[in-house]
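Note: hydrogens, waters and symmetry copies are ignored here, and every other heavy atom, side chains too, is used. Not measured: the values here are computed from a predicted model.
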Amino acid sequence: MFQLLNSVDGTLSLSNKLTFYAFPTKTSEFLHPKSSPYLVNKTAKRWRFRGVRLSLRGGSEAADHVKSSNKFKANCCDEGEMEPFPHVQTLRKFPKEELVGKVVMVRFDSTNLLREEEQDQSSQSVSSAVFTIKYLHEAGAKIILVSDWRKKTNSQLHDAETVADMISSVIQHRVVTIKCDYSAVLLKMEVLKKADIFLLENLSECKEEVANNSKFAELLSLGVDIFVNDSFSQSHKILASTVGIARFCSACIAGFHFEESLCQLKKVARTNKRPYVAIIGGGNLYDKAAALHFLVSRCDGVVFVGMMSFQIMHALGLSVPSYLVEPGAYKAALDIIQIAHDRNIPILHPMDFWCMNEHLPEKMGIFPSHNILDGWLPVDLGPRSLNELNSLLVKCKKILWIGPVKFKFSGQCADGASKLAQALNELRQRNCDITVVGNMACQAMVMESKCVLVNDMIENASVLWEFFKGRKLPGVMALDRAYPFGIDWKSAYCNPAQPLVVDIGSGSGLFLLGMARRRKDLNFLGLEINSKVLHCNKCYNNISFHSFELSRRVGSCFDTGMDLLRSR
């Protein structure tokens, strides 16, 4: 099925029924990287190279690319180099008593609450989004819902009143529509007295939303005390309703659906289970090059099953029809191959494809990946590819599937996606950690199994691609920070009931220690962002003293200090 870079002196190891292709050196000798301890059988037999030989042009360019390996090592993220997400304030941990009587604006995800399919209304992603609204309502808050929606999400979405009725049926509470314009500001405050849950007009009709217009964001926030972001699918964008509004609200926190999605994203980045293999579909390799560098640097193997597989084959010098070659992707593909070689991990691509006759669309045929005849168009993975992909995945403990198994001329639902979903469902039952990303991939999983957990799926692949590129997600960064873990004040202080003195910017803590020695009737808390000068002392001569290190960011000293005091 899939062809992998791992060769020895002109011969290739056939391991676990996989066919391997060579990655030549400048002297035309085959490189011998160390075998992957997870994916390659140490007792594999050696077979003569009988695959398609690399073309002279492609092979020599790939070999010359070895010279610049240090450059790509520098650009590649190691496991310890990934900057973790900031600890954000969540609705789950926000004091419920502070919600009473407050006006809370909820930025919800229309693709969750406003879907046309009935079966989606009971999914866990919808449940968590609904729970955010119900939780706020039960806490005694006035709720203003805001989002953008289009008819492609649901053909019945004609106007705000229709959307309000639909949300009312989902959350089982009355939803009233209100407009957002300068002349309606005072009216909005009066309307809030007549109901508990409101819906603003469609933001997709507001140009100021996409432009993150400051005045528009301020207008949205008028009369709002707390902002709750529950639209994780928009967190990679800079919008007035997710980023701009955060400047004008006293508190900006993550809703239950946002929090769950953030946990899913963190789960994908972890390499706690090995072997960890990424199955990558879709196209646009050039645009996703930085993200692919990240995956190749963390996974134990990468399998290309979409249009990007042709770019990898092209970089290896294999014969690829010109209409399947992505402009500008050649060098980016070489970079990815080089990183994989430096880490001694396999990069795999399909061995065969189902192809459609260009002139007789109903006529289908199976062709090897390196020999697609003129007049035939690839539409799906071939049977040999699928069978041997299954053989590879059986060994894995963690699998990421991101992007559709779809080619330029494929139909909406390829058979390859269906069979891959079946295989992953079986592996999940064997305690394999599966994460599926992307609309079409998630749809295939849902169609093949009714017990798919929301923790296994992230429908918006754009958020994940941006994260893999090393970019900070604006929607996440706009939220308030929270302390990274809970504090047991009883263990920190001998008598937590004593008055607390807080020193913001406590340095080494020696000043506080001296104060604590003189005033045993007080508790002291030091907050410091500079870990180099941070000095922790605990219970000297029965003196209660404890200091905490804060994450480095502008304003974190004050904000996190308030969170600490609130938790006390």
Side-chain angles (χ1 to χ4, degrees), residues 1-6 15-16 18 20 33-42 73 76-85 262-282 288-306 308-309 312 336-349 388-403 405 420-421 423-438 441-442 445 452-453 455-458 461 463-465 467-470:
M1 175 298 277
F2 286 83
Q3 298 156 359
L4 161 79
L5 293 78
N6 189 14
S15 172
N16 302 306
L18 292 179
F20 300 93
K34 295 180 181 178
S35 300
S36 168
Y38 302 108
L39 299 178
V40 179
N41 189 345
K42 293 181 180 179
K73 285 181 181 179
C76 189
C77 296
D78 293 330
E79 288 189 34
E81 292 177 353
M82 186 190 69
E83 184 177 350
F85 279 111
L262 193 58
C263 290
Q264 292 172 13
L265 203 56
K266 293 177 181 178
K267 170 188 169 186
V268 172
R270 289 198 298 266
T271 55
N272 54 324
K273 291 185 178 181
R274 301 279 194 176
Y276 180 12
V277 168
I279 304 171
I280 302 173
K288 298 170 182 173
L292 294 172
H293 288 184
F294 175 85
L295 286 173
V296 174
S297 72
R298 296 178 73 81
C299 296
D300 304 306
V302 179
V303 183
F304 289 93
V305 295
M308 280 190 265
S309 61
I312 296 295
I336 293 165
I337 293 170
Q338 183 60 52
I339 295 171
H341 168 70
D342 291 343
R343 290 196 63 232
N344 302 318
I345 67 166
I347 283 188
L348 300 90
H349 61 78
E388 296 191 11
L389 173 59
N390 292 343
S391 300
L392 171 69
L393 297 181
V394 167
K395 306 173 188 178
C396 299
K397 298 297 183 183
K398 185 171 182 176
I399 299 171
L400 166 67
W401 175 15
I402 178 170
V405 182
L420 177 56
L424 294 181
N425 278 322
E426 292 178 5
L427 290 172
R428 182 189 289 107
Q429 297 173 7
R430 302 177 190 175
N431 204 28
C432 181
D433 192 339
I434 308 289
T435 303
V436 181
V437 182
C442 290
M445 291 294 291
V452 179
L453 300 176
N455 293 334
D456 298 329
M457 298 195 300
I458 302 174
V463 177
L464 202 68
W465 284 121
F467 166 68
F468 285 160
K469 291 175 183 177

Q: Let me confirm one number: the CG-SG distance from Asp456 to Cys442, rounded to the nearest 0.5 Å.
A: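 The distance works out to 9.5 Å.
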
Q: For Lys397, give me all partners under salt bridge (Lys or Arg N to Asp or Glu O under 4.0 Å), at least two apart in sequence or on another chain.
A: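 For Lys397 there are no salt bridge (Lys or Arg N to Asp or Glu O under 4.0 Å) partners, ignoring immediate neighbours.
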
Q: Heavy atoms, side chains only, cut-off 4.5 Å: are Leu348 and Leu392 in contact?
A: yes

Q: Taking Asp300 for its side chain and Tyr276 for its backbone only, find out whether a donor-acceptor pair lies under 3.5 Å.
A: yes

Q: From Leu464 CG over to Ile402 CD1, what is the distance, rounded to the nearest 0.5 angstrom?
A: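 Between Leu464 CG and Ile402 CD1, I get 4.5 Å after rounding to 0.5 Å.
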
Q: In Å, rounded to the nearest 0.5 Å, how long is the span from SG of Cys432 to NZ of Lys273?
A: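 Those atoms lie 7.5 Å apart.
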
Q: Pair Ile312, Met308 - check side chain to side chain contact (heavy atoms under 4.5 Å, CB included), show working.
A: CA-CA 7 Å; Ile312 296 295; Met308 280 190 265; 5.6 Å; no

Q: If the condition is side chain to side chain contact (heavy atoms under 4.5 Å, CB included), which residues does Ala291 pass it with, not counting sequence neighbours?
A: Trp465, Phe468, Lys469

Q: Can you tell me how far the CD1 atom of Ile280 sits from the CD1 atom of Ile347, to the nearest 0.5 Å?
A: 8.5 Å

Q: Once rounded to the nearest 0.5 Å, what's the spacing between atom CG of Leu295 and atom CD1 of Ile279?
A: 12.0 Å

Q: Just by distance, no angles: are the side chains of Gln338 and Asp342 close enough, under 3.5 Å, to form a donor-acceptor pair?
A: yes

Q: Could you tell me which residues satisfy side chain to side chain contact (heavy atoms under 4.5 Å, CB included) with Asn272, sequence neighbours excluded, listed by chain and number?
A: Arg270, Lys398

Q: Going through the distances and angles, do Val437 and Met457 end up as a side chain to side chain contact (heavy atoms under 4.5 Å, CB included)?
A: CA-CA 6 Å; Val437 182; Met457 298 195 300; over 6 Å; no

Q: Please find the pair of heavy atoms, one from Lys267 and one from Ile434, that lie closest to each other, and give the distance.
A: NZ-O, 3.9 Å

Q: Please confirm whether the backbone N or O of Ala269 pairs with a side-chain atom of Arg298, one donor and one acceptor, at under 3.5 Å?
A: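 Judged by distance alone, yes, a pair lies under 3.5 Å.
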
Q: Measuring from atom SG of Cys299 to atom CZ of Arg343, what distance do you get when rounded to the nearest 0.5 angstrom?
A: 8.0 Å

Q: Taking the side chain as everything from C-beta on, heavy atoms only, tell me whether Glu426 gets closer than 4.5 Å to Asn390.
A: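 Glu426 vs Asn390: side chains apart.
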
Q: Go through the structure and list residues passing side chain to side chain contact (heavy atoms under 4.5 Å, CB included) with Ala441, not counting sequence neighbours.
A: Trp401, Val436

Q: Grab the two heavy atoms, one from Leu265 and one from Ile458, that are nearest each other, plus how far apart they are.
A: N-CD1, 4.2 Å

Q: Please tell me if the side chains of Leu420 and Leu393 come closer than 4.5 Å, counting only heavy atoms from C-beta onward.
A: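 They are in side-chain contact.
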
Q: Is the closest side-chain heavy-atom distance between Gln264 and Thr435 below 4.5 Å?
A: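 Gln264 vs Thr435: side chains apart.
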
